[in-house]
Every structure is written in structure tokens, then in C-alpha cells.
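First comes the structure, then the notes that go with it.
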Amino acid sequence: MEKITSLAKRRGFIYQGSEIYGGFAGFWDYGPLGVELKNNIKREWWKSMVYDRQDVVGLDAAIVMNPKVWEASGHVEAFTDPLVECKECHHRFRADKLQGGKCPDCGGSLTEPKKFNLLTEVYVGTTEEGKKKAYLRGEITQGVFVNFRNVVDSTRVKIPFGIAQIGKAFRNEITAGNLTFRSREFEQMELEYFVNPEEKEADKTFEFWKEARMNWYISLGMSKENLRFRDHEEKEKAHYAKKATDIEYKAPFGWSEFEGIHHRGDYDLSNHKLAYKDEEAGKEYTPWVIETSGGIDRSALFFLLDAYQEEKDRVILKLDPRLAPFKVAVFPLLANKEDLVREAKRVYDLLRGKFYVAWDARGNIGKRYFAQDEIGTPWCVTVDFQTLDDETVTVRDRDTAKQERVPIDKLSDYFQNKLGV
Ligand code: GAP
């Protein structure tokens, strides 16, 4: 964890939020490489959830909604964690995450647990008297439910169908920690899949999405042995869930949830007084919902942890090329040879429109390879003296360190084939 934290900062993946003012607990900023990693995760998710399917449409709802939404959804009442406070040092903790019943900071005794609501309040309005209390959304989900009617009326969807959404959510977590793992501001990628209110169909859909989501992480390179399902016990289920299974990752701080598959029944649509009219069958009913809810920050962290490898004296991030921030890096063999630099710039410009490409002319070639391995760049292209004769370049593979010569005019196709695009 220390190595990833240091790499994340040093190479521009993740910075502490508001760092120059001492930080702000639970808030993180993504640097130039972090934003690429997150965008790549989001793009792959959207592709598999929306573009590759005929029964799912997308949505982007507002973060701040009428506070009545959160009353109806049960969050004002029930979106709580049990909080205890140390009677000596007054530090606060989540009771369900503590072991031993004593304050972990000073060993003092703790108060009885009380319910602490995780919704983050905001005040909206232009005058002090007219300001209205609202909430930053605690889950992106409710924006989908309140637009259920809109989507049905404005598109051709028919049950069963899904609505996919990606966006920020906020929780006033009692204790944030483990880098971005538990943050107060984070991003979710969610699918709400609406089905007939029928046990067998709902169970089948639940199992389908459980497998589909697990396979998605594996298809993007996460090691199977670091992944598992964990069913929720009755007492830990969220207030909306009839059934819940987590996808967990074997993190350095223990098995940890980063996606939940939830059977929400008709809990939300009923509470918002929404129903579905099946015109063909001539009946109206409240659909049930199977939800897949993934965290982008946790996924990004676990993709980084899973990809991190040390081989002799080099560090390699073996990220799937689709997730890697840069797809290719281009170098002139020697930075002080004008014709090599000119030709390398030409190759760089040629590839730049199609892929996100890094340029590096510092230090020697070995150092440049090491620097690209450490940030997960799958291929490095070197323009050398032979290039000036025969218009070929060296392409070096991150994982095998093997090199091959590729003609410049075939380079784009070569990388497109490798990336499967
Ligand atoms: N709509 C259902 C829902 O929000 P959840 O299990 O509370 O379910 C889903 O959250 C995912 O959101 C989690 O698996 C996790 O990846 C991410 N998540 C939740 N709280 C988080 C936090 N404080 N920091 C980072 N990610 C978080």
C-alpha cells in the first residue's frame, strides 16, 4: 500500500486534496495519469453496459435534487452508520469496524453507538432566510429512479431494461482512509435493471449480473485469485436491499468491497410512487430492480494494486492496455541528434491523433523504458539510425521487454490491432 501510495503521488495518479492547505480528510485529486486511468475505466464500463447491449440506456442526473427525494428514498431516516466516541480523546469511530471495544488511538472507553447520518448537507438559495437545506447525493441511484417515467416515455425501452449512470456521490464518512478506498467524495458506475416483479426472473437476473460484473474485472486483467463474492448477512444489508452480494478484492488491508450487486425489489419505485404500464399486456405494475453498483475510485485503486509488480530492479504496472494512461511512448534514440529528434516528432504526431502518446527525450533509453514501465505504458517506440535508412522503428513490449521492428506506415494498425479497436 505504501509503494502504491508513493507511486500514485510521484507519477501523478493521485494527490491529496487541497494539499497545500494541509489536505482535507476524505477528499482526493486525480493527476494527469489518474484522470486517464479513471476515464479509461469509465469508457470500458460504458461500452460494456450501454453500447454492447440493446436493453440499456444511459443517464446523467443532477447531483443536487429536491430534498424530498431523500426523504422518500429512506436515506434521511436510514442511511446511517453506528458511531462511537472515545470518552478520553473524543475521536470518533465506526462501531461496526472496531475490534476490542476500546479506543484504537488512546485505549479509552467508548460511548454507546448512535446512528450517524452519512448524507452531506448543502444549502441552496440566494438569501440567508431563503436558503434551503438539500443534500449532495449519497448514491447516484436516486437520479435514475426519479427519471424512470421520463426515460420510459422518451425512449423505446420495455421491461426488462436497464438505465446506466456514472457520477459523483458524497458520504460524510465517519472515518475515511486507505488512500481513496473510503473517501467523502467518490464516483460510482451503476446499472439499475428493471424486471417483472417475479421471484424467479429477479433471481436469474441477479445471478446474471453477478457473473457479468465479476467477469468484467477479470477481462480487464484483475487476477481471479484476488477476487471473491461475499453475500451480505441479514443485519448488514442496506435499508433498500432484499438481497446483496459484494465483489471483494484482496487488498493489503484485507478483503474489501468495491462493487455491490443488489436486489432492491420495488422499494424505490414504490416509495417514489412510480409504476410501469405494459401497453401490450394491458396491465400496470411496479417493476423490481437489480442493481450493480461499482466504485470507480476503488476500482482504480485495485487495478493499480493488482497491476503492480517488481522484477529485479524495475517496477512494472501491468495494466491492461485499454486501461493504461498512455498507450504508446515515442523516443528519439539520442536527444542531441537533430535528424533523429525530427523523425521521432513525426512519428509522435502521426500516432497522437489516434492514441494518447507520451514523448520522452530525457536521460538514456534504459531510464526512459523504466519510467514508462512504472506508469504502465504498454509499448515504447524508438526512432534510431536504422529508421533514417528504412523507415522502421523499434517497438518494445512492456511485459516481455521484447523488441521488434515495425514500418512507420504500419504503426497505427499495429497498435489498433493490439488494442482491439
Ligand atoms: N446504489 C447502491 C450503493 O451506493 P453501496 O454499496 O453503498 O451501494 C457502491 O456503494 C459502491 O460505491 C461501493 O462498492 C464502493 O465501490 C463505492 N463506495 C461507497 N462508499 C464509498 C466511499 N466512501 N469511498 C469510495 N467508494 C465508495
Side-chain angles (χ1 to χ4, degrees), residues 14 17 24-28 30 34 38 41-42 45 59 61 63 65 69-70 73-75 78-81 94 96-97 116-120 135-146 162-193 206 209-210 213-214 216-217 222 227-233 236-249 251 253 255-265 267-269 271 289-303 305:
I14 303 169
F24 203 49
F27 296 90
W28 297 93
Y30 285 82
K38 279 218 297 181
I41 294 173
K42 289 189 255 186
W45 185 88
L59 184 88
I63 287 175
M65 292 187 271
V69 171
W70 301 104
S73 70
H75 283 76
F79 194 47
T80 59
D81 277 339
R94 248 179 85 169
D96 57 336
K97 300 278 173 201
F116 178 80
N117 195 291
L118 300 182
L119 287 176
T120 313
Y135 304 98
L136 297 178
R137 59 187 178 189
E139 58 168 3
I140 63 172
T141 333
Q142 295 304 319
V144 168
F145 296 133
V146 300
I163 302 180
Q165 188 179 210
I166 291 177
K168 292 262 186 179
F170 301 81
R171 293 183 191 175
N172 200 3
E173 295 284 356
I174 297 167
T175 38
N178 287 325
L179 197 62
T180 50
F181 180 76
R182 196 172 305 285
S183 313
R184 296 196 164 105
E185 174 180 338
F186 53 95
E187 261 185 302
Q188 295 184 309
M189 44 189 181
E190 288 194 338
L191 172 75
E192 307 304 319
Y193 198 83
F206 188 87
W209 282 113
K210 252 178 70 176
R213 293 304 304 139
M214 177 65 97
W216 186 78
Y217 289 107
M222 255 193 213
L227 292 165
R228 72 172 188 194
F229 288 118
R230 192 182 68 80
D231 294 338
H232 276 211
E233 288 170 30
E236 63 177 320
K237 282 193 313 206
H239 62 280
Y240 50 73
K242 271 163 93 86
K243 194 159 107 177
T245 300
D246 287 341
I247 300 180
E248 293 189 331
Y249 184 80
F253 43 89
W255 284 99
S256 307
E257 170 212 342
F258 67 117
E259 169 140 359
I261 322 299
H262 308 131
H263 181 341
R264 295 178 76 123
Y267 181 87
D268 304 271
L269 291 184
N271 284 351
V289 175
I290 304 300
E291 165 183 77
T292 71
S293 177
I296 293 161
D297 310 79
R298 288 187 186 179
S299 296
L301 176 61
F302 292 161
F303 274 122
L305 282 164

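Counting convention: from 1, in listed order, for ligands and their atoms alike. Position 1 is the first residue of the sequence, and the numbers go up from there. These values consider heavy atoms only, across backbone and side chains, with no hydrogens, waters or symmetry-generated copies.
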Problem set entry | Row check, Trp209 ring normal vs Arg213 NZ/CZ: under 6.0 Å, within 45° | no
Problem set entry | Lys210 NZ/CZ over Phe229 ring centroid, <6.0 Å and within 45° of normal | yes
Problem set entry | Residues which pass salt bridge (Lys or Arg N to Asp or Glu O under 4.0 Å) with Glu190, listed by chain and number, not counting sequence neighbours | none
Exercise. Is it true that the side chains of Tyr240 and Asn271 contain a donor and an acceptor less than 3.5 Å apart?
Worked result: no
Seminar exercise, completed: Lining ligand 1 at under 4.0 Å, by non-hydrogen atom distance, are residues Glu139, Thr141, Arg171, Glu173, Thr180, Phe181, Arg182, Ser183, Phe186, Gln188, Glu190, Tyr240, Glu257, Phe258, Glu259, His262, Arg264, Glu291, Ser293, Gly295, Arg298
For this session: Sequence neighbours left out, what pairs pass side-chain hydrogen bond (donor to acceptor under 3.5 Å, both in side chains) with at least one residue falling in residues 165-184?
Result: Lys168-Glu185
Problem set entry | Under the side chain to side chain contact (heavy atoms under 4.5 Å, CB included) test, residues paired with Arg230 that sit two or more places apart | Arg228, His232, Glu236, Asp246, Glu248
